[in-house]
Amino acid sequence: MTTSTELPREAAANAQELLAPAPQEPGKQTRTRRREREDAGDRGILSISDRRKPGVRWSARVIHGALLVVLVIVGLGPLLWLAKSAITPTEDTLRTPMALFPNGVDWANLSTAWSTVHIDVQFMNTIWVAAGSWAAQILVATTAGYALSVLRPKYGKVLYGLILTTLFVPSVVLLVPLYLTILNPPLLGQSLINTFWAVWLPAGASAFNVVLVKRFFDNLPREIFEAARTDGAGPFRLFWSIVLPMSKPILGVVSVFAIIAAWKDYLWPLLVLRDPAIQPLSVRLPTLQAAIQLDVYLAALAISTLIPIVLFLVFQGLFLRSAGLGGAVKG
């Protein structure tokens, strides 16, 4: 015989059994939990459940395909047209600029631009300018970022604030004093005009790169630095063996910025490199435009774009691999 207090308990238990969901198979439970996690982690415009709908899925594919075509046309269209025009006669480029080789291909444009117009000399000059500017910017950015982020001297905040203030000064304002400094540099007593040092040294003074590298160094794990100091690593060993191997992504970003900026710079090399024998492509090509035919000039422009394209393809793989912290932390 049951008591009156046990009856409500049995009724409540029966109600819970009726309201409880039906038990699922282990496989279904796993798939349900996985879908719940995917839906919870996907906070975009379309969730995982929306993408499973045929109408939404096909609409998204059509939109993605259209955007891809537009981006390819806008991004690669000018480069492809330049490559086509570099091996097209001048008459065809002027009459039918969008036609695809109406009267054949003229490969002689490339050889003429390289040897007869001596684009090879300006090409090597551009490589020297870009390589020296890259080395100067990497050296200054990494050492300054290392000192401000890892060593952290007492005056570091003041120095970092001064570096940040230089970002608000327009580069045109610094053009005249910088030119006068290169014309009569202190302690040297000899002008740097018509030397590659006139381009390399000012390129190293990039506050943007210093801030960029310093911010990256701030996010590196401090436990590795402390462990290296405990093992007896000095400041130079810590910088060379620990910090730089962990900083491949930011070094790649700074390298791309430095080389492309030096490759396309026009005004400053025009001022300090007056000798045509040492001028880069960015300065020499506008001068040669009026003296050579259009097809040869377009071939020279196509040659000048090779290095930036190759650099982009090489460093794109580095960014995608994200090899910044590989091997830094063990265990």
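Taking each heavy atom of Leu148 and Gly156 in turn, the nearest pair found is CD2-O, 3.6 Å. Considering all non-hydrogen atoms of both residues, Val253 and Leu212 come closest at CG1-CD2, 4.0 Å.
Asp92 contributes atom CG, which lies 11.5 Å from atom CG of Leu294 (distance to the nearest 0.5 angstrom). Between Asn109 atom CG and Ile292 atom CD1 the span is 10.0 Å, to the nearest 0.5 Å. Rounding to the nearest 0.5 Å gives a distance of 9.5 Å between OG1 of Thr88 and CH2 of Trp107. Remark: Leu251 CG to Phe216 CZ distance equals 8.0 Å, nearest 0.5 Å. For the atom pair CG (Leu188) and CD1 (Ile182), the distance works out to 9.0 Å, reported to the nearest 0.5 Å. Between the CG atom of Leu281 and the CD atom of Gln122 there is a distance of 6.5 Å, given to the nearest 0.5 Å.
In the model, Asp275 has no side-chain atom that pairs as donor or acceptor with a side-chain atom of Asn194 under 3.5 Å. In this structure, a donor-acceptor pair under 3.5 Å is absent between the side chains of Ser133 and Trp200.
Within a 6.0 Å radius of CZ in Arg95, other residues, nucleotides and ligands contribute 12 heavy atoms or fewer. At most 12 heavy atoms of other shown residues, nucleotides or ligands fall within 6.0 angstrom of atom CH2 in Trp128.
A donor-acceptor pair under 3.5 Å is formed between the side chain of Thr305 and the backbone N or O of Ala302. Formation of a donor-acceptor pair under 3.5 Å by the Ser111 side chain with backbone atoms of Ala108 is found in this model. Of the possible polar contacts, one joining the Arg152 side chain to the Ser149 backbone as a donor-acceptor pair under 3.5 Å is found. A distance-only check finds a donor-acceptor pair linking the side chain of Thr166 to the backbone of Ile163 [under 3.5 Å]. At least one donor-acceptor pair closer than 3.5 Å links the side chain of Lys84 to the backbone N or O of Ala99. Remark: side-chain polar atoms of Trp263 are paired, donor with acceptor, to backbone N or O of Ser304 under 3.5 angstrom.
Contact check for Leu175 versus Leu271: side-chain heavy atoms found under the 4.5 Å cut-off. Here the side chains of Thr142 and Phe239 are in contact, with some heavy-atom distance below 4.5 Å.
Residue Leu183 forms a side-chain contact (heavy atoms from CB on, under 4.5 Å) with just one option from Leu178, Ile193, Val272, and that option is Ile193. Between Leu273 and the options Asn125, Val283, Val199, a side-chain contact (heavy atoms from CB on, under 4.5 Å) holds for only Val199.
Every residue was checked against the ring pair (Phe, Tyr, Trp, His ring centres under 6.0 Å) condition with Trp268, not counting sequence neighbours, and none meets it.
The same ILVMFWY cluster, assembled from side-chain heavy atoms under 4.5 Å apart, contains both Ile307 and Leu298. Tyr266 and Phe196 fall into different hydrophobic clusters, where Ile, Leu, Val, Met, Phe, Trp and Tyr are joined by side-chain heavy atoms under 4.5 Å apart, directly or via other members. In the hydrophobic cluster analysis, where Ile, Leu, Val, Met, Phe, Trp and Tyr join through side-chain heavy atoms closer than 4.5 angstrom, Tyr146 is grouped together with Trp240.
The aromatic rings of Phe208 and Phe257 sit tilted, their planes meeting at an angle between 30° and 60°.
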